[in-house]
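Proteins come first, then strands; the chains are lettered A, B, ... in the order of their sequence lines, and each starts at number 1.
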Amino acid sequence: MSEDGRPETVPAPTPQPDAKPRHDLQRLKRRADFLRVASRRTKWVTSGFILQAAPTPPPRVRPGEPPSPEPAGPVIRIGFTTSKKVGKAVQRNRARRRLRAIASEIMGTDAQAGYDYVLIGRTETIARPYEMLLSDLRWALKRLGLRR
RNA sequence: UCAGAGGAUCGGAUGGCCGCUGCCGGGCUCGCGCCCGGGGGAGGAAAGUCCGGGCUCCACGGAGACGCGGCGCCGGGUAACACCCGGCGGGGGCGACCCCCGGGACAGUGCCACAGAAAGCAAACCGCCGGUCUAUACGGCCGGCAAGGGUGAAAGGGUGCGGCAAGAGCGCACCGCGCGCCCGGCAACGGGAGCGGCACGGUAAACCCCGCCGGGAGCAAGAUCAAAAAGGAACGGCAGUCCCUCUCGCGGGGACAGACGGAGUUUCCGGGUCGCCGUUCGGGUAGUAUCGCACGAGGCGUCCGGCGACGGGCGUCCCAGAUGAAUGGCCAUCCCCGCUGCAGGCACCCCGGUGUGUGCGGUGUGGACAGAACCCGGCUUACAGAUCCUCUGACGCG
RNA sequence: GUCCCCAUCGUCUAGAGGCCUAGGACAUCAGCCUUUCACGCUGAAGACACGGGUUCGAUUCCCGUUGGGGACG
């Protein structure tokens, strides 16, 4: 559609067709999970965010409960934290949404499965260019030895 | 044209790629769920949580008292309000209009520091005047006065004239104040004529008095969900003490006492419960569970009534429902803004500078305040910019 | 989200309309004492969160703003 003179829109970065298989992403929602991940002290700090990681514990088997159908293979679980240090509600929401966006773009293909990850927002998360956040996340995974 | 006043509305737009959520339809599946398509998805303040309600629970209902809290010119609006509308009083502006305060200080109590003679009942420091002592003056004493000075936030009407020994509402005029009368107004209040002759300081966001209103807690309220004991609920039966009826018992009637119960305390009344037995129903905890949870004092349009807040009729629409908490992430173009380059226009003038606005470009970690959490009505606070309507003043032209 | 509470020197606090130029303790600084340090003594500096209102007068009473803290599944 270049007959209207407008330049072609730059396509969004799409995963390469020959990329590594994507893992399903689950969400961390319980306070105990966040505390457990933080207590491992496995973290990497960038100017855009802080990444924490810990191995996913085996699923809790409840007595008297039928064994839940375990999903085939390990999964990746991600949680997000944006405290009041980031700002008021509008700033916190925006920081969390940007972290969610870079996680859904990268983590499924680049992160080691079987781990829980926590991304902590900082004040810079809002203003930092998007491409920088992406490279920050790849670098942080590599430094933690969890990039595949 | 310039300067200003009041009111209302909006709060970037369009597109592309990738996502989230719940609704509808279809498909797959025993089921949990998954996939496809369609349409919906933050605000005027969603904020602060300062008022008023709906709703839910506190076992249920009625009438008071005390206490506590709030409100307070008048009339109206409303489900209600501390909100809104229209008036009243005071002040500001040439004007449109804006701002401020709002029961009671002769029901009582308290307080009014410092200064000052005196701070609430009248009094007299410096003074003024008369008399008297003394040779005169200064001064002392006696008496009259409260104008002037001084202190203070505030000093017992103010100004002027008369009057007087000096003065003073002592008299008069105007203003203020008080009292009742008349008139206008539903009322707050306003106006008028008259009388009084100053008697009545401030503070109630001090206690208080008067009038009106209010039970408490809050959706983390509250409710539901499979199996088992205690606990629990419903129904039925028996059941405290005394008196009367009765030979006794049953039955009937009456009185009394204790505990519980009105989620401030308390009184009274109606109507209840308590302990035991039987039958039936049945579960605290669960957990990323479900309901509450979105059709409402609802939005929009139009007509009628009203100065207005608002009310009524008709038509039409369904319009966010998350729960580590969705409503977005990235990119492009346009719009607006700032800075800047070039071109040329207008005004001023010290003749090459200043100001203003136009067109075409470039540039930007430029685009206000801010994110629903049960729901409404208000208030308060924050806010870049844009648009519309009405009105006022000045100047010019007709 | 809902409901409460608080704000005074660097820290902990007193004051409850005027007597406040806001008091005390610890901490800080200076001097004295001591050979020196500590202790002790003397002295100094240092605060009413902010903005309005009521009042003659506000740290105190009222309203709003801001900033802290707590309770509730």
Quickly work out the A:Ile78 CD1 to B:G329 C1' distance and round it to whole Å. 15 Å
Can you tell me how far P in B:C98 sits from the matching atom in B:A8, rounded to whole Å? 12 Å
Is the shortest side-chain heavy-atom distance between A:Ile102 and A:Tyr130 below 4.5 Å? yes
Please classify the glycosidic conformation of B:G130 as syn (within 90° of 0) or anti (everything else). anti
Would you say A:Thr125's side chain and A:Gly48's backbone share a donor-acceptor pair under 3.5 angstrom? yes
Has A:Thr56 got a side-chain atom pairing as donor or acceptor with A:Gly114's backbone, closer than 3.5 angstrom? yes
Please measure how far the C1' atom in B:C337 lies from the corresponding atom in B:G385, and state the result in whole Å. 9 Å
Pairwise C1' distance for B:G53 and B:C35, with rounding to whole Å: 48 Å
Rounding to an integer number of angstrom, what distance separates B:A146 and B:A123 when you compare their P atoms? 11 Å
What are the two closest heavy atoms between A:Ser47 and A:Asp136, and how far apart are they? OG-OD2, 4.4 Å
Map A:Pro129 and A:Ile102 onto RNA chain B by nearest heavy atom, then report which one ends up closer to the 5' terminus. A:Ile102
A:Phe49 versus A:Leu133, closest heavy-atom pair with distance: CE2-O, 3.8 Å
Can you measure A:Met132 atom CE to B:G329 atom C1' for me and round it to whole angstrom units? 18 Å
Would you please name every residue forming a side-chain contact (heavy atoms from CB on, under 4.5 Å) with A:Arg36, sequence neighbours left out? A:Asp33, A:Ala54, A:Pro57, A:Arg77, A:Asp116
Flag, side chain of A:Arg98 to backbone of A:Ile126, donor-acceptor distance under 3.5 Å: yes
In whole Å, I'd like the distance from the CD atom of A:Glu105 to the C1' atom of B:G329. 9 Å
Please list, pair by pair, any protein nitrogen or oxygen found under 3.5 Å from a nitrogen or oxygen in nucleotides 366-375 of chain B.
{"unit_1": "B:G371", "atom_1": "N7", "unit_2": "A:Asn93", "atom_2": "ND2", "d": "3.4"}
{"unit_1": "B:G371", "atom_1": "O6", "unit_2": "A:Arg97", "atom_2": "NH1", "d": "3.3"}

For A:Ala53 versus A:Leu146, what's the shortest heavy-atom pair and its separation? CB-CD1, 3.6 Å
Measuring only the C1' atom in each nucleotide, how far is B:G377 from B:C55? A whole number of Å is fine. 16 Å
Same-atom distance (P) from B:C71 to B:A204, integer angstrom: 15 Å
When the P atoms of B:A188 and B:G180 are considered, how many whole Å apart are they? 15 Å
Glycosidic conformation of B:A199, taking syn as within 90° of 0 and anti otherwise: syn
Between A:Arg122 and A:Thr46 (side chain of the first, backbone of the second, donor and acceptor by atom type, cut-off under 3.5 Å), is there such a pair? yes
Spacing of A:Ile106 atom CD1 relative to B:G329 atom C1', expressed in whole Å: 13 Å
Please tabulate, one pair per line, each protein N/O and nucleotide N/O from nucleotides 321-325 of chain B that are separated by under 3.5 Å, including the distance.
{"unit_1": "B:G324", "atom_1": "O2'", "unit_2": "A:Leu28", "atom_2": "O", "d": "2.9"}
{"unit_1": "B:G324", "atom_1": "N7", "unit_2": "A:Lys29", "atom_2": "O", "d": "2.9"}
{"unit_1": "B:G324", "atom_1": "O6", "unit_2": "A:Arg31", "atom_2": "N", "d": "3.3"}
{"unit_1": "B:G324", "atom_1": "N2", "unit_2": "A:Thr81", "atom_2": "OG1", "d": "3.0"}
{"unit_1": "B:A325", "atom_1": "OP1", "unit_2": "A:Arg27", "atom_2": "NE", "d": "3.4"}
{"unit_1": "B:A325", "atom_1": "OP1", "unit_2": "A:Arg27", "atom_2": "NH1", "d": "2.6"}
{"unit_1": "B:A325", "atom_1": "OP1", "unit_2": "A:Arg27", "atom_2": "NH2", "d": "2.8"}
{"unit_1": "B:A325", "atom_1": "OP2", "unit_2": "A:Arg27", "atom_2": "NH1", "d": "3.4"}
{"unit_1": "B:A325", "atom_1": "OP2", "unit_2": "A:Arg27", "atom_2": "NH2", "d": "2.1"}

Glycosidic torsion of B:C260 (syn if within 90° of 0, anti otherwise) classifies it as anti
According to a 4.5 Å side-chain heavy-atom criterion applied to Ile, Leu, Val, Met, Phe, Trp and Tyr, with indirect links allowed, do A:Ile120 and A:Leu28 form part of one hydrophobic cluster? yes
C1' atoms of B:C50 and B:G69, separation to the nearest Å: 15 Å
Pull up the glycosidic torsion of B:A42 and say syn or anti, syn being anything within 90° of 0. syn
